There are 2 protein chains.
Amino acid sequence: MAKDGTTRFALLGFLTWGPMSGYDIRKTVAQSLGNFWNESYGQIYPTLKTLEAEGLVTRTVQRASGRPDRHVHAITPAGRDALQSWLRRPAEPLKHRVEVLVKLLFGGVADRATLRSHVARFRDEQRALLASYARSEARLREESADAPDLPLWLLTVQCGQEVGRAYLAWCDRADAVIAALPEPDPALEAGESRGRNS
Amino acid sequence: MAKDGTTRFALLGFLTWGPMSGYDIRKTVAQSLGNFWNESYGQIYPTLKTLEAEGLVTRTVQRASGRPDRHVHAITPAGRDALQSWLRRPAEPLKHRVEVLVKLLFGGVADRATLRSHVARFRDEQRALLASYARSEARLREESADAPDLPLWLLTVQCGQEVGRAYLAWCDRADAVIAALPEPDPALEAGESRGRNS
DNA sequence: ATGAGCATGTAACTGGTTACATGATTTA
DNA sequence: TAAATCATGTAACCAGTTACATGCTCAT
């Protein structure tokens, strides 16, 4: 028990913004962190249950007519303490597994068109992310203009923006590299994987 | 069966560079992708076994005196086909979970010194990564100067460099934001988490 | 002698996603 | 009438890490 998983503490963190149901939390995560974090129900509901068992949150059931009951969770003083001591602990070093890089690394086996399409897709993805960051930023500045923590919240989208721009810059490099690549001898490549052992 | 996991295909990819044992693969991964990808034995050995069962690699045992046998794996034509069709499939959109951002997002609960230390640690981490990328790049240019795929391999480290620099830029922003943050009333904060309900 | 390197593998565990089951209410 | 939204939750699965077990050899 008392795992070190980030999810537990992320949930506690959201509950410092006010009491919420699991459903609420999911929506809030999607709106606030959405682009660089995610929590699924299969993760949220069980951990809320254990948090309750540990006395870090309380649960009060709001009966509603017609629709399912809302199980509203509120953080307890003990929960606040747990969150705070987690916040003081150093963060895990991040490890990014970038699949498209693996595809390029072995790109010698593929043709140039394929490589180009991978880069193109990746660029589109990053552009879409940047657009969504811009929307997040606008919404934050508008809806939370007076929140004292606004600068911190903006920091998270700004991180995404910085990284997204870096990926876009890399895409340009990648295009240049691929353009300069000699197309592998098609006969040879085909021979490797097909008719070889007829 | 025939899962879509990246690991399977990464292993196949490495085997296009030549026959290898699980042990070899691990070292190769650490040296080539090391900084942005990783495979553990607990992952490598079982997947090599299933790859063999599927006929995508062959295994030949090199008996050695004194030390354990080497199980050398070589990619088969079927393996090459599988790899190639994976390479043609689009990559999964990447999802980065940046724990330090979560810590900052709820930073309103922590004191400024803590936030600063998170950023400082993150900066150190990124600087170390950039240094290691630089070493990788140097080694690649030296040892594989004549490899036709060198530009593609360099692309992977360059991606890391681009992103690392972006994170560093963000660290500077973060420092500025934190410096401008009003220190939360300590009495109030302490009261929130401690004596509140005595 | 101590530890690093060689070399294989398994088992237990943590983390996370997806699909399923339920079912009323509102909106298109 | 189809769909999305509200709202809970479980079970099965996939991915990945860590720790363990084994045991010889070579360098310090």
Side-chain angles (χ1 to χ4, degrees), chain A residues 1-11 19-31 33-34 36-53 57 59-73 91-99 102, chain B residues 1-11 19-31 33-34 36-53 57 59-73 91-99 102:
Chain A
M1 58 192 70
K3 306 168 204 161
D4 55 337
T6 307
T7 298
R8 292 163 57 73
F9 298 103
L11 295 195
M20 291 187 212
S21 68
Y23 194 86
D24 293 335
I25 290 178
R26 226 228 139 172
K27 269 196 312 177
T28 309
V29 173
Q31 277 169 23
L33 301 173
F36 71 91
W37 198 269
N38 188 42
E39 302 285 0
S40 57
Y41 290 133
Q43 189 87 344
I44 290 174
Y45 286 120
T47 62
L48 278 178
K49 197 187 277 180
T50 70
L51 285 175
E52 196 205 355
V57 307
R59 163 183 318 214
T60 55
V61 178
Q62 279 179 5
R63 204 127 314 172
S65 63
R67 71 197 56 195
D69 301 347
R70 278 170 55 80
H71 295 199
V72 179
H73 299 81
E92 288 291 301
L94 56 70
K95 39 190 101 173
H96 32 18
R97 299 191 125 202
V98 187
E99 197 184 346
V102 181
Chain B
M1 57 193 69
K3 305 168 202 160
D4 54 337
T6 307
T7 298
R8 294 161 56 72
F9 299 103
L11 295 196
M20 291 188 214
S21 69
Y23 194 86
D24 293 335
I25 289 178
R26 228 228 137 173
K27 270 195 311 177
T28 309
V29 173
Q31 277 170 22
L33 302 172
F36 72 92
W37 198 269
N38 188 42
E39 302 286 0
S40 56
Y41 291 132
Q43 190 85 346
I44 291 174
Y45 286 120
T47 61
L48 278 178
K49 196 188 275 181
T50 69
L51 285 175
E52 196 205 354
V57 308
R59 164 184 316 216
T60 53
V61 179
Q62 280 178 4
R63 203 125 316 173
S65 64
R67 71 197 56 197
D69 301 347
R70 279 171 54 81
H71 295 199
V72 178
H73 299 81
E92 288 291 301
L94 56 69
K95 39 190 103 172
H96 34 18
R97 300 191 124 202
V98 187
E99 197 185 347
V102 180

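On a predicted model such as this, the values are computed, not experimentally measured, just so you know.
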**Fill in**
One would report the end-axis bend of the helix from C/dA1-D/dT28 to C/dA28-D/dT1, five pairs per end and rounded to 10 degrees, as 40°
**Request:** Report yes if a side-chain nitrogen or oxygen of A/N38 is closer than 4.0 Å to either non-bridging phosphate oxygen (OP1 or OP2) of C/dT17; otherwise report no.
**Result:** yes
**Fill in**
Heavy-atom nearest pair, B/V98 first then A/L94, reads CG1-CD2, 3.7 Å
**Message:** Whole angstroms only, please: what is the CD1-P distance between B/I44 and C/dT8?
**Reply:** 10 Å
**Asked** Below 4.5 Å, heavy atoms only, C-beta onward: do B/R70 and B/D24 meet side chain to side chain?
**Response** yes
**Item:** Whole-Å gap separating P (C/dG15) and CG (A/L11)
**Value:** 13 Å
**Evaluation steps, side chain to side chain contact (heavy atoms under 4.5 Å, CB included), between B/N38 and B/Q43** = CA-CA 10 Å; B/N38 188 42; B/Q43 190 85 346; over 6 Å; no
**Prompt:** Within the structure, does a side-chain N or O atom of A/S40 lie under 4.0 Å from either OP1 or OP2 of C/dT17?
**Reply:** yes
**Request:** Could you tell me the separation between the CH2 atom of B/W37 and the C1' atom of D/dA15, rounded to a whole number of Å?
**Result:** 11 Å
**Request:** Taking the side chain as every heavy atom from C-beta outward, state whether A/R97 and B/T6 have any pair of such atoms under 4.5 Å apart.
**Result:** no
If you restrict it to nitrogen or oxygen atoms, what contacts under 3.5 Å exist between nucleotides 8-12 of chain D and the protein, and what is each distance?
unit_1, atom_1, unit_2, atom_2, d
D/dT8, OP1, A/H71, N, 3.0
D/dT8, OP2, A/Y23, N, 2.8
D/dT8, OP2, A/Y45, OH, 2.8
D/dT8, O5', A/Y45, OH, 3.3
D/dG9, OP1, A/R59, NH1, 3.0
D/dG9, OP1, A/H71, ND1, 3.1
D/dT10, OP1, A/K49, NZ, 2.8

**Asked** Taking only residues two or more places apart in sequence, or in another chain, which ones meet A/E92 in a side-chain contact (heavy atoms from CB on, under 4.5 Å)?
**Response** B/E99
**Message:** Categorize B/R26 for me: base, sugar-phosphate, or nothing, with a 4.0 angstrom heavy-atom threshold over every strand shown.
**Reply:** nothing
**Message:** Between A/R26 and A/E39 (side chain of the first, backbone of the second, donor and acceptor by atom type, cut-off under 3.5 Å), is there such a pair?
**Reply:** yes
**Prompt:** When you check the phosphate oxygens OP1 and OP2 of D/dA15, does a side-chain N or O of B/T7 lie under 4.0 Å from one of them?
**Reply:** no
**Request:** Heavy atoms only: give me the nearest B/V102-A/A10 pair and the separation to one decimal.
**Result:** CG1-CB, 4.3 Å
**Message:** In this structure, how many angstroms lie between the C1' atom of D/dA7 and the CD1 atom of A/I25, rounded?
**Reply:** 13 Å
**Message:** Expressed as a whole number of angstroms, how long is the span from B/Q62:CD to C/dC6:P?
**Reply:** 15 Å
**Asked** Starting at NZ of A/K27 and ending at P of D/dA7, how long is that distance when rounded to a whole Å?
**Response** 7 Å
**Item:** Side-chain N or O of B/R97 closer than 4.0 Å to phosphate OP1/OP2 of C/dG16
**Value:** yes
**Message:** Tell me the closest heavy-atom pair linking B/I44 and B/L11, and the distance in Å.
**Reply:** O-CD1, 4.0 Å
**Request:** Search all heavy atoms of B/Y23 against all heavy atoms of B/Y45 and return the closest pair with its distance.
**Result:** N-OH, 3.7 Å
**Complete:** Whole-Å distance, A/E39 CD to D/dA7 P, equals 20 Å
**Prompt:** Rounded to the Å, how far apart are B/E92 CD and D/dC14 C1'?
**Reply:** 13 Å
